[in-house]
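Written below as structure tokens is the structure these notes are about.
Heavy-atom basis, side chains included; hydrogens, waters and symmetry copies ignored. Per chain, numbering begins at 1; letters A, B, ... match sequence-line order.
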2 protein chains.
Amino acid sequence: MIRVLLADDENLIRDALAGLLTLEDDIEVVARAASGAEALAAARKHQPDVALLDLQMPDPDGIAVARTLASELPDCRCIIVTSHGRPGYLKAALAAGVRGFLPKTVSAATLAEVVRTVAAGGRHVDPELAAEAIGAGDSPLSPREADVLAYARDGAPVEEIAERVALSKGTVRNYLSAAVAKLGAANRHEAVSIAADRGWI
Amino acid sequence: MIRVLLADDENLIRDALAGLLTLEDDIEVVARAASGAEALAAARKHQPDVALLDLQMPDPDGIAVARTLASELPDCRCIIVTSHGRPGYLKAALAAGVRGFLPKTVSAATLAEVVRTVAAGGRHVDPELAAEAIGAGDSPLSPREADVLAYARDGAPVEEIAERVALSKGTVRNYLSAAVAKLGAANRHEAVSIAADRGWI
DNA sequence: ATCTGACGATGACATTTGTCATGGCCCCGG
DNA sequence: CCGGGGCCATGACAAATGTCATCGTCAGAT
């Protein structure tokens, strides 16, 4: 019997997935969590074989949870499920030691199959996402460029960014400019959306 | 027996919800769709009692589908389910003739209950969302202000906006400025996000 | 008939950007 | 030990933005 922990902040989805997995003869949902914090607590308590984590959760997100679990409970394999199949997320997830990565567009049968694969020690990454991730390549941004661009996400003025990263306004402008050039964007907002989409910030 | 059409672009969610609803004795899932177009086709073919529509779907989104169904199949009641419980969506949905509006954070039991309520001719709107929507109130933006702000969404420069709405650059700046002032925002990007959140653009 | 408010435009001005050149500091690899 | 590259900063200049005052038209309300 594969013991599974289910974490998703959306009640409806969590209950529905639980129902779905319970239908499988060899899978048992031993715990449910509605946030990253709950997921960690539940994992420590129930020591599941597989943790099925939603990527976007309040508190620590799915990837942060996976990272913690990887060091704390190495026997608990993590699978990330997400609605937003962005290439960057996949990379971050793999770096966090995740063993499976699936978009929510897959079928229920696939999910069960992946749970089995991962429980048996294998790995599974959605082929389409993997292709995209490879296509997206590595970030051309230097660490500080990425930092600055990240703070520019919500359209904050240069001065505010400068304060937050403790740099001068001029330097911030330079980094922003460099980032825009590297990403082939017309302005910084386009740069932000490109970088965000690729998971570079 | 309540005949339900289920539309959601995410296979996993769709299958899971179908499983969940099928467990109810008085509910039957008669059709599934992965896009707005499929949902319309399926509704015409199966004439369901209730259409459970995801808000964010490719092609026509959930609200557009609901609008079409309201005029074409008035006997088919629509329920919108969404991950993003933004006040503006609720208003748009109600205007489209939707009878139920739920965030995906509700429990499975609530969903089934709402399906029954709506099938019986009632309405159901998530109380929390309703409160937010009322709190958000009506848009203080004049029609053209909203237009211009809408085009500013993706961070396009003033000149581009001016072209699209066939106005002079100066006028666009004025409208943007007025919108920023009315929304109490610090800059136009903040204005965009405020207006978008409230559903005013 | 008059007033108000939305709509469209212009011009002027300060501020904020984007862009470029330049320079210094520090670390790593050849 | 020397070059390259990342990192931080400055200064200067053009372009884009934000803000304000002002003007005209038009429709609906008083």
Just grab all the ring-ring contact (aromatic ring centres under 6.0 Å, His included) pairs involving residues 148-195 of chain B, residues at least two apart or on different chains. His189(A)-His189(B)
dC7(C) phosphate, OP1 or OP2: any side-chain N/O from Ser142(B) under 4.0 angstrom? yes
Give me the bend of the helix from dA1(C)-dT30(D) to dG30(C)-dC1(D), using the axes of the five pairs at each end, rounded to 10°. 20°
Opening and closing nucleotides of DNA chain D in contact with chain A, under 4.0 Å to non-hydrogen atoms: dC7(D) to dA12(D)
Residues within residues 173-180 of chain B bordering DNA chain C, heavy-atom distance below 4.0 Å: Arg173(B), Asn174(B), Tyr175(B)
Under a 4.0 Å heavy-atom cutoff, the residues of residues 155-163 of chain A touching DNA chain C are Pro157(A), Val158(A)
For a quick test of your reading: what N or O donor-acceptor pairs under 3.5 Å do the side chains of residues 119-131 of chain B make, sequence neighbours left out?
residue   : atom : partner   : partner atom : Å
Asp126(B) : OD2  : Glu128(B) : N            : 3.4
Asp126(B) : OD2  : Leu129(B) : N            : 3.2

Partners meeting side chain to side chain donor-acceptor pair (under 3.5 Å) with Glu190(A) (sequence neighbours left out): none
Could you name each residue pair satisfying ring-ring contact (aromatic ring centres under 6.0 Å, His included) that touches residues 63-116 of chain B, not counting sequence neighbours? none
Whichever of Lys182(A) and Thr171(A) has its nearest DNA chain D nucleotide further upstream toward 5': Lys182(A)
Using the ring-ring contact (aromatic ring centres under 6.0 Å, His included) rule, collect all pairs that involve residues 57-77 of chain A, keeping only residues at least two apart or in two chains. none
More than 12 foreign heavy atoms under 6.0 Å from NZ of Lys169(B): is that the case here? no
Mind running a 4.0 Å heavy-atom check of residues 185-194 of chain A against DNA chain C and sending the residues that fall below it, in number order? Arg188(A)
Considering only residues two or more places apart or on different chains, which pairs with a residue in residues 97-107 of chain A satisfy side-chain hydrogen bond (donor to acceptor under 3.5 Å, both in side chains)? Asp8(A)-Lys104(A), Asp54(A)-Lys104(A), Ser107(A)-Thr110(A)
For atom CD of Glu159(B), decide whether the heavy atoms of other residues, nucleotides or ligands shown that lie under 6.0 angstrom number more than 12. no
Sort out for me which residue in Asp9(B), Thr82(B), Asp61(B) forms a side-chain hydrogen bond (donor to acceptor under 3.5 Å, both in side chains) with Gln56(B). Thr82(B)
Which residues share a side-chain contact (heavy atoms from CB on, under 4.5 Å) with Ala43(A), sequence neighbours left out: Leu5(A), Pro48(A), Leu69(A), Leu73(A)
Salt-bridge criterion met for Arg77(A) and Asp49(A) (N-O under 4.0 Å): no
